[in-house]
Structures are given as structure tokens and as C-alpha cells.
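Predicted model, so just to flag it, every value in this text is computed and none were measured. Residue numbers run from 1 in the order of the sequence given. First listed ligand is number 1; within each ligand, the first listed atom is number 1.
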Amino acid sequence: MLSRQVAAKLGTYETPFYLYDMELLRRTLENVTSVASNYGYRIHYAIKANFDARLLEIIREYGLGIDCASGNEIRCAIEAGFDPKSIVYAGVGKRDKELRYAIEQGIMAINCESTEELHVVDALAREAGKVVDVALRINPDIDPKTNHCIDTGQADSKFGISYEEILAGVEDIRSLRNLNVVGMHLHIGSQIRELHVFENMCNKVNAIVDNLTSLGFDLRFVDVGGGLGINYDLPENEPIPNFASLFAIVNSHLNVGSREVHFEFGRSIVGECGELITRVLFNKTTATGRKLVIVDASMTELIRPALYGSYHNIENITSASDQREKYTIVGTACESTDVFDENVSLPLTRRGDLLTIKSAGAYGMSMASRYNLHDLPGAVYSDRL
Ligand SMILES: Cc1ncc(COP(=O)(O)O)c(C=O)c1O
């Protein structure tokens, strides 16, 4: 981990802050783009994972497109220099002003998630005097074997159009004159570590594409979403996620002819290159004997543990002690769920020590809030240390 190597340089920065390993980001991008090019796959970066301007600058250098979930994300991507024609826009609830902006910018496709949305996009496109490219985001009903808070493709989920709804509305959808249905989209969930799940996904996609084609839809592309998981337990063992295995699985199971195949990766691109660096404020022991380490970060800088019960590996990067203790690491926010982890084995930890909360590059800063009127955390980049 970068923070351990550069710990001596970190003491002067105001904590908490995100530390980004730019070299690891580049190696990750080099890996994903070179393996994807073996199969002709096109990669979008899910900007919701982290919209930091310097990260986006590097991601753009490697030729990725962008996957957005809001009008402001589209604006951010365009301002960062991404070609609107490389931008896809999904989301179960798109506001009219966001759709108008997407239409105006002529993005690659609006991934529609209900028949009502298709009607609204059609009407807004007519109003703008345009015919707009859309993809149907289908709910494939797949169990992605991940934390239930971040699965998105099961039958009862709010995401995507059910296949039954498409069947019932085929004629209606095809009658929408200001839409071109050019793609099919799905995203089954996030932090997927059991790669065989992607085999099921491919089998579903094959069937859906066949059916949509027989219903008269002429699909140019298939967008299979993101979801590849990272190693939160032991990030040092796997700093770059296994894109090669995922692509090999997709290559041998996906059967969509000459259609373009797109992916939208968030966590697997930026997750491992970010750490949240925080300083120990206080130690105390509860009446029940639990040793608490109170750090100056909280759920306002990294909400994943409080929101989903997510695990992040934590290390003390400045203590030189040989003695180890088990600690509960808690944040400053006025919420009982503001706990980063329990039973963490650390060297003797004292006020002023720096801790790293690892694998925090994705869904960390982008979910930060100003609860308790905390300042938003800063960013420190390895190439500017
Ligand atoms: C539609 C869509 N695509 C892509 C992603 C990125 O997923 P991940 O970060 O797991 O790669 C998400 C995440 O929520 C999503 O909702």
C-alpha cells in the first residue's frame, strides 16, 4: 500500500484526506484496456464511483467512455473532456431537465428503465426536434451473490424493465418515432467476486438479445454493466482486479454476433488506488471493556461501512510498537453506526497516529457528505507528493 511507503510525507496534510496512487490507477487502466482490446470490448468508467478531476484526466487518457447516473455526471464528464458519443446514461429516475440535457448533448445512449420513461424520452426528443438513441435496460433476474444492498438485477429490484413489460409493450415501444432502440443494457450488481455469476449473466443476455431481435429490435450494442469486485480483505494481494478472467468468461459465454460489447466498471477501476488517511483523536475503553480508537474521519468521508456494513482493511501506518491490541475504530459523527470496523488488530495505537482505511477509491469521496457540517475531505496524489 502506498500510504505505508510514504507515511513520513503524510504528516503535514490536514486529515482526513484521500490518498490516490496514480501509478496504480495507470497500471489498472493499462491492464483493463489491453485485455479488453483482445476481444474488441469497449470500456466505460462509471463516474459515480469517483468524479475526482485528476482521476478523470487519467481515465480519459486511456480512451474509456463514461457511464453516468445523472445530468450532473454527464456535465462533469463533458467538462472533463469526454466525448458525449462515449457517454451512456442509466438511472431509474431521470428528471426531465436531466433528460433534456442528455438529448441536447447527443450522448451515445440513454439507457431507459421503464416504458413510461421511453415515452417521456420520446416526447422530449420530439420537442427538441431529434431522434434519440436509447438502450433498453432489462432486469435479468440474476442473483449476483453479493451484498444484498448492492445487487441490482433481481426480479424485485427497482432497476431495469422487466422482460414481461417489454413483451407487453413491444408495439407501443416500436411506435415511438423519436427513439431509436439501438442497444440492450443490464447491470446485475456490484462487488461481484464469484465470477461464475457472469456466466449466468451471459446466458441471460444471449436469450434476451435473441428475443429482442425476433421482436424486431435491431440492436447495435450490448452493454453488460460493471460489477467486477475487488479484494477488500487483502488488497495488497490483488491490487489490480481480474479483468482477464472476467473477459475470458464473457468471451466464451456471450453470443451476440458482431454487436459491440460494452462494460461499465467503477469499483474495479478506482477502488484500490484510493485510501482514506485519518488521524487518531482519542482512545477510550467502554464500561464493557471495548477499546475504542476515535479517528478524525467518519461516515461523512466514507459511508460504506455505516451504509452497507462494508468491510475495509485498516492499518496503523505510523506506530512503531511491537505490541498489538484489538480495537474498535469509530468516527466523529453523531451516529452509533459510525463505526469503521471492530476487533481490528493494530500495533499499540495512540493519539496522533495515522491510520489508513484501504480500498476506498470507489464510492468513498463520491458519497461524502457534509453531515455535522464537516468539511469535505481533501485529496493528495502520489505524483504530487
Ligand atoms: C448502471 C450501472 N453501471 C455500472 C455501475 C458500476 O458498478 P461497479 O462499480 O460495481 O463496477 C453501476 C454501479 O452502481 C451501475 O448502477
Side-chain angles (χ1 to χ4, degrees), residues 25 28-29 31-32 36 41-52 55-56 59 64-70 73-74 77 86-94 98 102 107-114 117 134-140 142 144-154 157-161 183-195 197-198 201 205 221-232 240-243 245-247 250 261-274 303-304 307-308 310 359-367:
L25 175 62
T28 306
L29 289 162
N31 182 282
V32 66
Y41 295 157
R42 301 171 191 220
I43 311 297
H44 301 251
Y45 167 60
I47 195 171
K48 62 176 77 73
N50 194 321
F51 50 78
D52 179 278
L55 302 193
L56 290 180
I59 290 166
L64 277 71
I66 292 284
D67 160 54
C68 294
S70 73
E73 285 189 355
I74 299 174
S86 74
I87 296 177
V88 288
Y89 175 25
V92 70
K94 305 179 184 79
E98 296 177 302
I107 65 171
M108 175 182 144
I110 300 176
N111 297 346
C112 294
E113 308 215 10
S114 63
E117 180 185 340
V134 300
L136 303 175
R137 177 172 181 178
I138 310 283
N139 180 318
I142 291 178
K145 312 264 184 244
T146 185
N147 181 332
H148 76 278
C149 301
I150 50 176
D151 74 34
T152 54
Q154 301 220 53
S157 147
K158 71 175 179 176
F159 298 101
I161 314 179
M184 177 254 162
H185 173 228
L186 86 176
H187 169 74
I188 58 176
S190 202
Q191 185 50 17
I192 298 169
R193 295 283 287 166
E194 295 188 34
L195 294 190
V197 164
F198 290 106
M201 179 194 78
V205 172
F221 72 86
V222 168
D223 176 350
V224 296
L228 179 63
I230 64 173
N231 192 338
Y232 282 101
I240 300 179
N242 200 345
F243 295 106
S245 294
L246 170 61
F247 292 154
V250 172
V261 177
H262 294 245
F263 291 82
E264 308 165 340
F265 296 122
R267 189 186 312 273
S268 52
I269 304 280
V270 294
E272 295 293 17
C273 78
I303 199 175
R304 297 185 68 258
L307 185 65
Y308 309 134
S310 305
S359 317
Y363 309 109
M365 184 60 204
S366 59
M367 287 191 177

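Which parts of ligand 1 touch Arg137 is read off a 4.0 Å heavy-atom cut-off, strictly below it: atoms 1 (C). Taking a cut-off of under 4.0 Å to the non-hydrogen atoms of Phe265, the atoms of ligand 1 that pass are 11 (O). Residue Tyr363 has at least one heavy-atom neighbour below 4.0 Å for each of these atoms of ligand 1: 6 (C), 7 (O), 8 (P), 9 (O), 13 (C).
Not a single ring-ring contact (aromatic ring centres under 6.0 Å, His included) links Tyr363 to another residue, sequence neighbours left out. With sequence neighbours excluded, the residues satisfying ring-ring contact (aromatic ring centres under 6.0 Å, His included) with His44 are His262.
Looking at Gly227 next to ligand 1, an N or O pair under 3.5 Å apart turns up. Any N or O atom pair closer than 3.5 Å counts here, and Gly266 shares at least one such pair with ligand 1.
With hydrogens and angles ignored, the 3.5 Å screen pairs a side-chain donor or acceptor of Asn50 with a backbone N or O of Gly361. With Asn139 contributing its side chain and Phe159 its backbone, the two residues share a donor-acceptor pair below 3.5 Å.
In this structure, Ala362 falls outside the shell of residues with a heavy atom less than 4.0 angstrom from ligand 1.
Residue contacts with ligand 1 for Ala46 involve side-chain atoms from C-beta outward but no N, CA, C or O (heavy atoms, distance under 4.0 Å). Of all the heavy atoms of Asp67, the ones lying under 4.0 Å from any atom of ligand 1 belong exclusively to the side chain. Counting heavy atoms closer than 4.0 Å to ligand 1, residue Arg267 contributes atoms from both its backbone and its side chain.
Counted by atom type alone, Tyr232 and Arg193 present zero donor-acceptor pairs between their side chains at under 3.5 Å.
Checked against a 6.0 Å centroid threshold, the rings of Phe265 and Phe243 count as neighbours.
Counting only non-hydrogen atoms, the option in Lys48, His44, Glu264 that gets closest to atom 15 (C) of ligand 1 is Lys48.
For Lys48 and Glu73, the salt-bridge test fails: no basic side-chain N is under 4.0 Å from an acidic carboxylate O.
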